[in-house]
Amino acid sequence: MKIAPFLVFFLVVLFIYGLINIYIFTRFMQCIPTGSNARIWAIIIFWVIVGSFILARFMERAYPCDFTEVMTWIGSLWLGAMAYFVLAILLVDLARSVNHFIPFFPKFFYADYQKTKLFALFITTGLVVLTVTAGFINARNPKIKILDLNIAKKIQGSKTLKIAMASDIHLGTLVGRRGASQLVRMINGLHPDIILLAGDLVDEDLKPVIRRNLGETLKNLYAPLGVYAITGNHEYIGGAAEAVAYLKAHKIQFLSDTVELIDNRFYLAGREDRDKPRFTGKQRKPLAEVLKGADPSYPIILMDHQPFQLSKPEKTGCRPSVIRSYASWTDLAF
């Protein structure tokens, strides 16, 4: 991975992250009475939480340990909370702006305005904590979605194909052995013909994956036609070459702007992630070149972690059907 593109990416993210948190901090401080001892503790706790994410990013690479894991958990949970705090504050600011021109706030809001602001802070914080907690529980209990897709093409052999597809697993500190084992059990329990992992299998840094030996757990994935994967943006953030090499060593086959004929029944193609140029300076292959060796009379399954411009597969003779999984999109083009 080239250092310069990564550094630019990191500085841009850090700048945006800083601005957002300054905005939240400013609005927080307006809710806490001046001269209160709580202000000092609020400042310390707030910036420790904010800084934990940045500290964890560095320490995870340089010195992975139990303390690093704690910082990673705090920082990652804050990222989710941060988004909801910004949304809540923006809604409050919008309501205040409307109220300035068209007063609709009840009079008791202003009887003790400082108390009202403090109450609003507690309510907002409570709602954000509940929302993030619900999201965490939801993430810990993934659901299986079954889709039936009919393909208007002739195939040899069996007329049905059972595909198990998963993306955005983000193995590492947050999703460790328990999460990896759960993934393997759920997928193998479906008894699929083929398994497709559509990017972001690794959460940036590979070290926690190696330290927890998660590759050995992934080796238990089984499908008669194989286990195939593509890169996502997070593999490139952490170093795609190392992540791909590690996963290949644990029986996961990667499609890197390539296409393969599977069981003489259908083609499976996989694209490099669209963020590849940002981190390597190298372009991924045009889609037409990726599919150059595929016979369009066969069904074609195309995996792309971020499949923008879905009209392009159609120009190659494919009819795209899109499946959304977590934060990513996987394009199945037939």
Side-chain angles (χ1 to χ4, degrees), residues 1-3 5-7 9-10 13 52-77 79 136 139-140 142 164-188 195-223 226-256 270 272-273 275-276 278-280 282 303 305 325-328:
M1 179 174 61
K2 290 191 173 182
I3 300 299
F6 175 79
L7 185 60
F9 171 79
F10 176 77
V13 171
S52 64
F53 178 74
I54 304 301
L55 179 64
R57 294 296 91 183
F58 284 107
M59 290 190 65
E60 201 168 41
R61 294 171 180 269
Y63 187 63
C65 60
D66 292 341
F67 176 74
T68 303
E69 290 195 10
V70 172
M71 290 295 99
T72 300
W73 273 99
I74 294 173
S76 298
L77 290 173
L79 281 182
F136 175 79
R140 285 285 182 170
M165 189 280 291
S167 72
D168 293 82
I169 307 303
H170 294 283
L171 294 174
T173 300
L174 302 185
V175 183
R177 185 167 300 231
R178 177 184 177 276
S181 298
Q182 182 185 29
L183 170 74
V184 171
R185 285 196 305 271
M186 291 181 71
I187 291 179
N188 286 348
I195 298 171
L196 306 181
L197 303 173
D200 282 2
L201 183 56
V202 173
D203 186 29
E204 299 179 17
D205 194 8
L206 188 63
K207 287 185 178 65
V209 176
I210 297 174
R211 189 156 65 99
R212 297 182 173 191
N213 201 19
L214 300 184
E216 286 300 312
T217 303
L218 294 178
K219 284 172 70 173
N220 294 319
L221 286 170
Y222 173 75
V227 182
Y228 290 85
I230 57 172
T231 56
N233 56 310
H234 277 253
E235 276 86 12
Y236 275 104
I237 292 172
E242 294 82 1
V244 169
Y246 176 83
L247 294 170
K248 279 184 175 179
H250 291 84
K251 297 185 178 180
I252 295 177
Q253 304 175 67
F254 265 79
L255 295 169
S256 303
E272 291 279 9
D273 188 71
D275 280 346
K276 176 182 178 178
R278 179 188 296 177
F279 294 100
T280 66
K282 298 178 181 178
M303 289 197 293
H305 184 67
S325 174
Y326 299 101
S328 179

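Hydrogens, waters and symmetry mates play no part in the numbers below; they use all other heavy atoms, side chains included.
Remark: side-chain polar atoms of Asp200 are paired, donor with acceptor, to backbone N or O of Asn233 under 3.5 angstrom. Asp203 places no side-chain N or O within donor-acceptor distance of the main-chain N or O of Thr173, the cut-off being under 3.5 Å. The closest donor-acceptor contact from the side chain of Glu272 to the backbone of Thr231 lies at 3.5 Å or more, if one exists at all.
Atom CG in Leu218 sits 8.0 Å away from atom NE2 in His250 (nearest 0.5 Å). In this structure, CG on Leu221 lies 6.0 Å from CG on Leu183, to the nearest 0.5 angstrom. Rounded to the nearest 0.5 angstrom, Ile237 CD1 and His234 NE2 are separated by 4.5 Å. Taking CZ of Phe53 as the reference point, atom CD1 of Ile74 lies at 13.0 Å (rounded to 0.5 Å). Here Met303 contributes atom CE and Leu255 contributes atom CG; the two are 5.0 Å apart, rounded to the nearest 0.5 Å. Rounding to the nearest 0.5 Å gives a distance of 13.0 Å between CD1 of Ile54 and CE of Met71.
Across Arg212 and Gly172, no two heavy atoms sit closer than the pair NH1-O, 3.4 Å. Closest approach of Ala180 and Leu171 over heavy atoms only: CB-CD2, 3.9 Å. Here the closest non-hydrogen pair linking Ala166 and Ile187 is CB-CD1, 4.3 Å. Of all heavy-atom pairs between Val202 and Glu235, the closest is N-OE2, 3.1 Å. The shortest non-hydrogen separation linking Ile230 to Gly270 is CG2-CA, 3.6 Å. Taking both residues in full, the closest heavy atoms of Asp168 and His305 are given as OD1-CE1, 3.5 Å, listed atom of the first, atom of the second, then distance.
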Discussion item. If you apply the rule side chain to side chain contact (heavy atoms under 4.5 Å, CB included), what do you find for Leu201 with Ile252, and how did you get there?
Written reply: CA-CA 11 Å; Leu201 183 56; Ile252 295 177; 3.9 Å; yes

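Ring geometry for Tyr236 against Phe279 counts as parallel: the plane angle stays under 30°, on a 0 to 90° scale with 60° as the upper cut.
Using a 4.5 Å cut-off on side-chain heavy atoms (C-beta onward), Asn213 and Arg177 make contact. Looking at Leu247 and Leu197, their side chains never come closer than 4.5 Å, going by heavy atoms from C-beta outward. Between Arg140 and Gln182, the closest side-chain pair of non-hydrogen atoms is not below 4.5 Å.
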